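Note that ligands are numbered from 1 as they come in the structure, with each ligand's atoms numbered from 1 the same way. On a predicted model such as this, the values are computed, not experimentally measured, just so you know.
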Amino acid sequence: MTDPVNVADYFERAAQTVDPQVWCYFEGGSGDEVSLRANAAAYSRWRLRPRMLVDVSAISLETTLLGTPVSMPLGVAPFAMQRLLDPEGELATARAAAAASAHADIAEASGDAPRWLQLYVLRDRQRTLDHIAEGRESGYSALVLTVDMPLLGRRERDLKLGFQIPDDLPLPYIRARSPALAETMSEHFQTSPALTWDDLEWVAAESRLPIVLKGILTREDALLAVEHGAAAVYVSNHGGRQLDGVAAGLDALPEVAEAVGDRCEVYVDGGIRRGTDVLKALALGARAAFVGRPVACALAVDGERGVSRVLALLRDELELGLGLLGCTSPAEVSRSHVEPTVPYDPPA
Ligand SMILES: Cc1cc2nc3c(=O)[nH]c(=O)nc-3n(C[C@H](O)[C@H](O)[C@H](O)COP(=O)(O)O)c2cc1C
């Protein structure tokens, strides 16, 4: 069989490869999956406006995130339980993508690449403090605080197919400190339902790291994020896995980008499947975009090699798209490079 040539090929092969009782966890969303579908659909409602006769003989995808140089404005979104897809799991992804995750061995696997630690504030604050301390010692340079999970979304595919976290799956951050761990998903992820804006200060003080606030969908919260000193606002509906019926990441992006202006960086995820999707995100105000399931699919299909390849494919698409758009760097992509395919009705 030939190698997959695009993200859709990886989706197709992953669905054929992975046990359906496991795949439901990765593929599915919450409720009726309206927000899950909205993520991908949002990209088809914008079209590109390329400019001609621009010298694009030298294109660079390089940019900076929180001041750190990165090779392209596309990263790997944090997603859990990667060892269900590949024995090397997070280590394979980290090696392939230098992605951030939560443990010293993963930090080591990603070498000199910038690493961000994704954090949930759990009910047990001591565990969260330990996690922050561990992250700081392991040299993470920013903290991605995911704030859209005060309660766990209801993932109905998991319920229908009986998805269970295997007992032998390493979940060091959660399990090591709780040997008598209870059985269900919700008990594994008892994020604090009581977290508020006031708590951001202790997280920032404990970590002494720049905070990326992940899961913001409104201009109101974007403004509060800036007021509370966030270094970046990460627009996301958690891959359609939390509150069903919310906006797609791309649809929430313009209002957030407009609200924060240049006071902090803005990122987006949800439904990105092509390099041209990244271009649309840049045009609507994101400094960078992130992919979750495309990486999960590639990991399931071909481990570390798959993740390398899917990122290379997206990178190539992004580079080609940038040149054909008439731009030589991500910074040149502006609002004038996109237009809605249907009359756009911005939220009031
Ligand atoms: C299987 C799975 C597990 C996830 N786990 C986490 C997580 O632990 N923390 C988090 O902040 N986001 C998590 N997410 C959300 C992703 O970071 C990201 O927002 C989403 O996957 C982006 O959408 P995409 O999959 O369409 O690219 C998860 C997503 C999936 C699909």
Side-chain angles (χ1 to χ4, degrees), residues 7-8 10-11 14-15 18 22-30 33 35-43 74-86 89-90 93 97 99-103 106 116-122 131 142-150 152-153 155 157-158 163 165 169 171 173-174 185-186 188-191 195 211-217 232-243 246-253 267-274 277-278 281 286 288-300 307 310-311 314:
V7 167
Y10 276 108
F11 267 80
V18 186
V22 168
W23 191 235
C24 60
Y25 170 71
F26 289 90
E27 193 179 34
S30 56
E33 301 190 336
S35 297
L36 172 66
R37 287 189 297 277
N39 275 347
Y43 285 90
L74 179 67
V76 177
F79 65 98
M81 291 190 254
Q82 300 182 20
R83 280 191 164 110
L84 288 177
L85 301 177
D86 177 85
E90 285 81 354
T93 302
S101 195
H103 307 290
I106 295 170
W116 296 353
L117 175 70
Q118 188 259 315
L119 184 81
Y120 286 122
V121 173
L122 302 181
H131 191 205
L143 204 138
V144 179
L145 183 66
T146 302
V147 292
D148 57 10
M149 205 197 267
L152 186 72
R155 322 260 167 88
R157 287 197 213 197
D158 295 359
F163 169 71
I165 303 172
L169 187 77
L171 289 172
Y173 156 46
I174 295 183
M185 273 293 282
S186 61
H188 279 285
F189 287 106
Q190 284 201 344
T191 51
L195 194 73
I211 307 277
V212 176
L213 224 48
K214 178 171 184 280
I216 298 297
L217 287 169
V233 174
Y234 184 147
V235 180
S236 171
N237 68 14
H238 210 111
R241 298 161 72 80
Q242 283 298 102
L243 180 61
V246 300
L250 190 76
D251 288 338
L253 174 64
Y267 315 136
V268 70
D269 76 11
I272 289 169
R273 305 292 179 255
R274 286 283 186 188
D277 293 340
V278 180
F290 291 83
V291 278
R293 291 183 186 83
V295 174
C297 292
L299 184 66
V307 177
V310 83
L311 291 174
L314 285 167

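Contact of the Lys214 side chain with the Asp269 side chain is registered, since non-hydrogen atoms from C-beta on lie closer than 4.5 Å. Between Arg155 and Tyr25, the closest side-chain pair of non-hydrogen atoms falls below 4.5 Å. Side-chain contact between Phe163 and Leu84: present, with at least one pair of heavy atoms (C-beta onward) separated by less than 4.5 Å. Thr93 places a side-chain heavy atom less than 4.5 Å from the side chain of Val76. Side-chain contact between Val121 and Thr191 is absent, with no heavy-atom pair separated by less than 4.5 Å.
Taking all heavy atoms of Arg241, Lys214, Gln82, Gln118 into account, the minimum distance to atom 29 (C) of ligand 1 is reached by Arg241. Considering each of Gly271, Gly292, Pro78, Ser236, the one bringing a non-hydrogen atom nearest atom 16 (C) of ligand 1 is Pro78. Of the candidates Tyr120, Phe79, Phe290, Tyr120 brings a heavy atom nearest to atom 10 (C) of ligand 1.
When only interatomic distances are considered, the shortest N/O to N/O separation between Ala80 and ligand 1 falls below 3.5 Å. The shortest N/O to N/O separation between Tyr234 and ligand 1 does not fall below 3.5 Å.
Using a distance-only test at 3.5 Å, with no hydrogens or angles considered, no donor-acceptor pair links the side chain of Arg241 to the main chain of Leu152. Looking at Glu33, its side chain does come within 3.5 Å of a backbone N or O of Gly29 through a donor-acceptor pair.
Residue contacts with ligand 1: Arg273 is included, with a non-hydrogen atom under 4.0 Å away. Ligand 1 lies less than 4.0 angstrom from a heavy atom belonging to Asp269.
Note on ring orientation: taking the six-membered ring where Trp is involved, the planes of Tyr120 and His238 are parallel (angle under 30°, cut-offs 30° and 60°).
Near Gly270, with a cut-off below 4.0 Å to any heavy atom, the atoms of ligand 1 are 22 (C), 23 (O), 26 (O). Taking a cut-off of under 4.0 Å to the non-hydrogen atoms of Gly239, the atoms of ligand 1 that pass are 19 (O), 20 (C), 23 (O). Numbered from 1 in the order shown, with element, the atoms of ligand 1 that lie under 4.0 Å from a heavy atom of Val291 read 27 (O). When each atom of ligand 1 is checked for a heavy atom of Thr146 under 4.0 Å away, the hits are 10 (C), 11 (O). Residue Tyr25 approaches ligand 1 through these ligand atoms, each under 4.0 Å from one of its heavy atoms: 1 (C), 3 (C).
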